[in-house]
Q: 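This structure is in C-alpha coordinates; I'll ask about it shortly.
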Amino acid sequence: MQYKDRAVIYKEEKVADGYGGYTMQEEILCEIKCKVAPYRVEVGQIVEVPNPTASVKFFTKDKLNFDEDTFFYIEYKGKKYKKVLFADYSKCVMIIGERVWI
(Lines give C-alpha, C1' and ligand atoms only; values in the text may rest on other atoms or scores of the structure.)
Protein backbone atom coordinates (compact mmCIF):
# COMPACT_ATOMS: atom_id res chain seq x y z
CA MET A 1 0.00 0.00 0.00
CA GLN A 2 1.40 3.39 -0.97
CA TYR A 3 0.90 6.27 1.44
CA LYS A 4 1.07 9.25 -0.93
CA ASP A 5 -1.70 11.48 0.47
CA ARG A 6 -1.28 13.87 3.39
CA ALA A 7 -3.79 14.78 6.07
CA VAL A 8 -3.71 16.89 9.23
CA ILE A 9 -5.16 15.58 12.48
CA TYR A 10 -6.30 18.15 15.02
CA LYS A 11 -8.65 18.57 17.95
CA GLU A 12 -10.77 21.48 19.06
CA GLU A 13 -10.72 22.77 22.62
CA LYS A 14 -12.91 25.24 24.45
CA VAL A 15 -10.92 28.20 25.76
CA ALA A 16 -12.47 30.65 28.21
CA ASP A 17 -12.90 34.11 26.71
CA GLY A 18 -12.97 35.92 30.06
CA TYR A 19 -16.62 36.99 29.70
CA GLY A 20 -18.29 33.79 30.88
CA GLY A 21 -18.23 32.11 27.48
CA TYR A 22 -15.66 30.35 25.39
CA THR A 23 -14.07 30.24 21.97
CA MET A 24 -13.01 27.17 20.05
CA GLN A 25 -9.29 26.78 19.44
CA GLU A 26 -7.73 24.19 17.13
CA GLU A 27 -4.65 22.25 18.24
CA ILE A 28 -2.78 20.30 15.56
CA LEU A 29 -1.88 16.84 16.83
CA CYS A 30 0.10 15.61 13.81
CA GLU A 31 0.39 15.47 10.05
CA ILE A 32 0.26 12.01 8.51
CA LYS A 33 1.04 10.29 5.24
CA CYS A 34 -1.96 8.16 4.38
CA LYS A 35 -3.87 6.13 1.84
CA VAL A 36 -7.44 7.32 1.42
CA ALA A 37 -10.31 5.10 0.28
CA PRO A 38 -14.00 6.02 -0.10
CA TYR A 39 -16.14 4.13 2.35
CA ARG A 40 -19.80 5.12 2.14
CA VAL A 41 -22.01 7.82 0.70
CA GLU A 42 -25.68 7.96 1.55
CA VAL A 43 -28.50 10.45 1.81
CA GLY A 44 -30.72 10.10 4.85
CA GLN A 45 -33.75 12.10 5.88
CA ILE A 46 -34.01 14.21 9.01
CA VAL A 47 -37.53 15.60 9.36
CA GLU A 48 -38.12 15.58 5.60
CA VAL A 49 -34.79 17.35 4.88
CA PRO A 50 -32.05 15.49 2.95
CA ASN A 51 -29.03 14.80 5.16
CA PRO A 52 -26.00 13.69 3.11
CA THR A 53 -23.40 11.51 4.83
CA ALA A 54 -20.00 10.76 3.32
CA SER A 55 -17.41 8.59 5.05
CA VAL A 56 -13.78 7.97 4.13
CA LYS A 57 -11.18 5.44 5.33
CA PHE A 58 -7.70 6.75 6.16
CA PHE A 59 -4.86 4.20 6.43
CA THR A 60 -1.47 5.20 7.86
CA LYS A 61 1.72 3.64 9.20
CA ASP A 62 2.84 6.86 10.91
CA LYS A 63 3.24 6.88 14.68
CA LEU A 64 0.36 8.74 16.32
CA ASN A 65 1.08 10.60 19.57
CA PHE A 66 -2.41 10.12 21.05
CA ASP A 67 -4.62 7.19 22.01
CA GLU A 68 -7.67 5.79 20.27
CA ASP A 69 -10.11 7.41 22.73
CA THR A 70 -9.13 10.93 21.69
CA PHE A 71 -11.82 12.72 19.69
CA PHE A 72 -10.28 14.53 16.74
CA TYR A 73 -10.86 15.86 13.25
CA ILE A 74 -8.99 15.15 10.04
CA GLU A 75 -8.51 17.74 7.34
CA TYR A 76 -7.90 16.26 3.90
CA LYS A 77 -7.94 18.25 0.65
CA GLY A 78 -9.74 21.16 2.29
CA LYS A 79 -12.51 18.97 3.71
CA LYS A 80 -13.12 18.28 7.38
CA TYR A 81 -13.90 14.80 8.75
CA LYS A 82 -14.67 13.77 12.33
CA LYS A 83 -13.32 10.52 13.73
CA VAL A 84 -15.94 7.79 13.83
CA LEU A 85 -13.77 4.68 14.18
CA PHE A 86 -10.12 4.11 15.09
CA ALA A 87 -8.61 0.65 14.59
CA ASP A 88 -4.96 -0.24 15.23
CA TYR A 89 -3.87 -3.31 13.27
CA SER A 90 -0.23 -3.10 14.52
CA LYS A 91 1.12 -2.76 10.95
CA CYS A 92 -1.15 0.17 10.14
CA VAL A 93 -3.92 2.26 11.63
CA MET A 94 -7.34 2.69 10.04
CA ILE A 95 -9.44 5.74 10.83
CA ILE A 96 -12.95 6.14 9.46
CA GLY A 97 -13.91 9.77 9.16
CA GLU A 98 -17.37 11.17 8.52
CA ARG A 99 -17.60 14.41 6.55
CA VAL A 100 -18.51 17.50 8.55
CA TRP A 101 -20.70 19.77 6.45
CA ILE A 102 -20.05 23.40 7.36
Side-chain angles (χ1 to χ4, degrees):
M1 190 179 299
Q2 297 179 353
Y3 301 94
K4 293 183 176 182
D5 297 319
R6 293 196 175 271
V8 176
I9 297 178
Y10 64 94
K11 66 180 181 178
E12 292 183 344
E13 292 183 342
K14 294 179 182 178
V15 178
D17 63 2
Y19 297 103
Y22 63 89
T23 58
M24 297 301 287
Q25 183 177 1
E26 294 179 357
E27 176 188 347
I28 295 176
L29 298 174
C30 61
E31 183 175 329
I32 60 170
K33 288 188 233 172
C34 58
K35 173 73 175 166
V36 180
Y39 178 54
R40 180 186 71 209
V41 177
E42 63 183 33
V43 177
Q45 295 283 332
I46 295 182
V47 190
E48 307 264 336
V49 177
N51 181 32
T53 302
S55 298
V56 174
K57 288 182 184 178
F58 297 92
F59 296 94
T60 185
K61 290 195 310 187
D62 291 351
K63 181 160 175 61
L64 303 175
N65 54 0
F66 51 88
D67 63 351
E68 62 187 45
D69 295 329
T70 304
F71 182 76
F72 56 83
Y73 294 94
I74 301 171
E75 186 171 327
Y76 172 69
K77 290 190 176 179
K79 296 176 184 166
K80 184 176 177 180
Y81 299 88
K82 68 178 178 179
K83 178 195 88 165
V84 176
L85 179 82
F86 184 98
D88 188 353
Y89 296 116
S90 72
K91 290 188 177 187
C92 74
V93 172
M94 180 185 72
I95 302 167
I96 296 180
E98 185 175 280
R99 177 84 188 272
V100 177
W101 301 91
I102 300 173

Q: Answer yes if V100 and V8 sit in the same cluster of Ile, Leu, Val, Met, Phe, Trp and Tyr residues linked by side chain heavy atoms under 4.5 Å apart, and no otherwise.
A: yes
Q: Could you tell me whether the side chain of I9 reaches within less than 4.5 Å of the side chain of F66, counting heavy atoms only?
A: yes
Q: Working to the nearest 0.5 angstrom, can you tell me the gap between E68 CD and F86 CZ?
A: 6.5 Å
Q: When you measure from the side chain of K77 to the backbone of D5, do you find a donor-acceptor pair of N or O atoms at a distance under 3.5 Å?
A: no
Q: Check whether any side-chain heavy atom of L85 lies under 4.5 Å from a side-chain heavy atom of M94, and answer yes or no.
A: yes
Q: Measuring from E13:CD to M24:CE, what's the distance to the nearest 0.5 Å?
A: 8.5 Å
Q: Run the ring pair (Phe, Tyr, Trp, His ring centres under 6.0 Å) test against Y10 and tell me which residues pass, sequence neighbours left out.
A: Y73
Q: So, for D88 and S90, which heavy atoms are closest and what is the spacing to 0.1 Å?
A: OD1-N, 3.0 Å
Q: Take K80 and R99 through the test side chain to side chain contact (heavy atoms under 4.5 Å, CB included) and record every step on the way to the result.
A: CA-CA 6 Å; K80 184 176 177 180; R99 177 84 188 272; 5.8 Å; no
Q: Membership question, hydrophobic clusters at under 4.5 Å side-chain separation (ILVMFWY): are Y89 and Y3 in the same one?
A: yes
Q: May I ask whether I74 and L29 are part of the same hydrophobic cluster, defined by side-chain heavy atoms of I, L, V, M, F, W, Y residues being less than 4.5 angstrom apart, directly or through others?
A: yes
Q: Take the angle between the ring planes of F58 and Y81 and call it parallel below 30°, perpendicular above 60°, tilted in between.
A: perpendicular
Q: Could you go step by step and tell me if L64 and F72 meet the side chain to side chain contact (heavy atoms under 4.5 Å, CB included) rule?
A: CA-CA 12 Å; L64 303 175; F72 56 83; over 6 Å; no
Q: Counting only heavy atoms not in K79, do more than 12 sit closer than 6.0 Å to its NZ atom?
A: no
Q: What's the spacing between K63 NZ and N65 CG if we round to 0.5 Å?
A: 8.5 Å
Q: Examine distances only and state if a side-chain atom of K61 and a backbone atom of K33 form a donor-acceptor pair shorter than 3.5 Å.
A: no
Q: How long is the gap from NZ on K82 to CD1 on I96, to the nearest 0.5 Å?
A: 13.0 Å
Q: I would like to know whether F71 and E12 meet side chain to side chain contact (heavy atoms under 4.5 Å, CB included); could you show each step before the answer?
A: CA-CA 9 Å; F71 182 76; E12 292 183 344; over 6 Å; no
Q: Is Y76 reachable from I95 through a run of I, L, V, M, F, W or Y residues, each pair having side-chain heavy atoms under 4.5 Å apart?
A: yes
